[in-house]
Amino acid sequence: MITKKSLRNFSVFIFIFIALSIINSCGSENKIDPGKIAEYNKPAVVYIETYWKGKVSFPEVQINQDALTRYAQQIYSSRRMTEEQLIMELINEILNRPELYVVPNLNVIKEKEVMSGASGSGWVVTPDGYVVTNAHVVKVDDDELKQMIIMQAFQEQINEDIQITIGDLQQMGLTLSEEQRQKLANVYASFYARYMTLLTKPVIQTFVNLGAAIPGYGNVQKGYPAEIKKSGEPAPGKDVAILKINANNLPTVSVSNDKVKIQDRVIAMGYPGVATFNPMLTQDQSNIVPTTTAGTISAFKKMGTGAWEVYQHDVAITHGNSGGPLFNEYGDVIGINTFGSGKYNSQTGSWEEVQGFNFAIPSTIVMEFLNELNVKPAQGKLTEMYKQAIDLYFDNHFEAAKDKFKEIYDASSSFPYVQEMKEKCVAEINAGRNVAMFPYTIVIAGAAIVLIGLLLALVVLPKMKRQSAVVLPSGGSVQVKVEEEVKKISDKVESTTVKFCPNCGNKLQSGIKFCPSCGTKVA
């Protein structure tokens, strides 16, 4: 049997449960599914390209004909050979002793404009276009930059010269072996390394690319031109750079300064070159999307002079991930992926990466750079709407998600991935997988009102009735006023009380004991 007491206890329990649920939903953070973290932040994780242009000069390669003729006469007189054999003998002599035969033609100086560069990752922190990346993605030491451009120039020139040389020999019916080709490349490399010079100061250009499907993008190089607002020094320095692009309503990530612990789960996003430009994949812009990998914090290590720390983690990253964000399980950036580990291979003479031991600069260091520029990370309205749309998508509310994505597109048609997500929603709807929205908010609000009413009716009001009279201090105006108010209420009650004779039904005046009409005694 349900009693008032049991119902009252039940309503109290439900009320407390709802109150706690509301408090928990408003005041605490919940860990986010890694898939959601990736989808939330994909629009704001950007692909960065930096190009260095310069012009070089170099003399034309020339063969010392006098020295080569003397050698030809010497070997021809000592043994008989065909013309083809003689030519191959001369080629081998040049390849084996290039310092005697390969000389510059100082009367013919060539010029070549070349471009070198690097790519990396970054992340947008404000809707008006501030971007974070590594300094080494956008900045190179002047001497190193000159060397890079010269190396790029003479590599291009070597390839051209080799193709011309091989073509000339093929017309003569001659073919070089693989060993001879390698020696020929070394000859040209030695020549250009000695005689090639940089004519102009390199011009640096940096581009920030958001998304793979921005309208009007013909290729990757047509991103937003970026200005370097502040830059640290490449590792072991504070390897952070803050860029600014001319754009608004951009997607952003949120940044956290919360304490990080060993074995915290973390997620990296970026554009590793081996995955983004894998030759087995379709070579178009649709594949230039962030790659997401996950792992844990392994250790904290001191950098440089030991004045600050970096996070060591085992998340898989490689060249191209530099500058990309490292997220915690709440979807906030806690660091910037900067460098990995490697070792020298004594057999091949090359430096090889060792996976599983990578490092990120903490977000606290990033905030130092932003604070010096008076820039505060912020989340725009469109980013909030995009996350809401992703939530709807993950809950299979594809119709509602589609409407939300359309709303974002109408506000900013260049917001990355919105059109793609709309198309995915339509595909899910057509497949019959849409789940209609249920008005949870209205139902919960109504239930809360009902339960609060029950609580008042069953718990609060009965207690109020049982409360003892309030004792007021004696004497004074307060007591007089209270007595007056009590008398007024009593008079009002008495004046409004009406009695009737139980025998004849005649209306009786207050205070009489017998009915004036029939004489019946009134109780």
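Applying the salt bridge (charged side-chain N to carboxylate O under 4.0 Å, His left out) test to residues at least two apart or on different chains, the pairs with a partner in residues 234-257 are K238-E368. Sorted by first and then second residue, the pairs that involve residues 313-331 and meet salt bridge (charged side-chain N to carboxylate O under 4.0 Å, His left out), not counting sequence neighbours, are K31-E329. Within the structure, ring-ring contact (aromatic ring centres under 6.0 Å, His included) pairs that include any residue of residues 352-379 comprise F339-F359 (at least two apart or interchain). Pairs passing the salt bridge (charged side-chain N to carboxylate O under 4.0 Å, His left out) check and including a residue from residues 375-390, sequence neighbours excluded, do not occur.
To the nearest 0.5 Å, atoms CG (L326) and OG (S363) are separated by 9.5 Å.
Under the rule for a side-chain contact (heavy atoms from CB on, under 4.5 Å), the partners of K139 that lie at least two apart in sequence or sit in another chain are S231, E233. E111 is linked by a salt bridge (Lys or Arg N to Asp or Glu O under 4.0 Å) to nothing, counting only residues two or more places apart in sequence or in another chain. With sequence neighbours left out, the salt bridge (Lys or Arg N to Asp or Glu O under 4.0 Å) criterion links D410 to K406. In this structure K183 satisfies the salt bridge (Lys or Arg N to Asp or Glu O under 4.0 Å) test together with E179, sequence neighbours excluded. In terms of the salt bridge (Lys or Arg N to Asp or Glu O under 4.0 Å) criterion, residue partners of K230 (sequence neighbours excluded) are, by chain and number, E372. In this view, V187 and L95, P98, V102 satisfy the side-chain contact (heavy atoms from CB on, under 4.5 Å) rule, not counting sequence neighbours. Partners of S254 under the side chain to side chain donor-acceptor pair (under 3.5 Å) rule, at least two apart in sequence or in another chain, are D332.
Side chain of N358 to backbone of V315: a donor-acceptor contact under 3.5 angstrom is found. At distances below 3.5 Å, not a single donor-acceptor pair connects side-chain atoms of T338 with backbone N or O atoms of A360.
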Which donor-acceptor pairs under 3.5 Å do side chains of residues 259-273 form with protein atoms, sequence neighbours excluded?
from: D264; atom 1: OD2; to: K261; atom 2: N; distance (Å): 2.9
from: Y271; atom 1: OH; to: V45; atom 2: O; distance (Å): 2.9

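Geometric assessment of K112 against the ring of F58 yields a negative cation-pi assignment under the 6.0 Å and 45° thresholds.
In this structure, K36 places its NZ atom where more than 12 heavy-atom neighbours from other residues, nucleotides or ligands lie under 6.0 Å away. By the 6.0 Å contact criterion, CE on M151 is open, its count of non-hydrogen atoms from other residues, nucleotides or ligands being 12 or less.
Under the 30°/60° scheme for interplanar angles, the aromatic rings of Y188 and Y192 are found to lie parallel.
For the residue pair E49/Y51, the side-chain donor-acceptor check at 3.5 Å is satisfied. Side-chain N/O atoms of Y101 and E93 include a donor and acceptor closer than 3.5 Å.
A pairwise comparison of heavy atoms in C425 and Y393 identifies SG-CD1, 3.7 Å as the closest pair. Scanning all heavy atoms of the two residues, the minimum distance from A247 to Y224 falls at CB-CE2, 3.8 Å. In this structure, I334 and Y311 approach most closely via the heavy-atom pair O-CE1, 3.3 Å.
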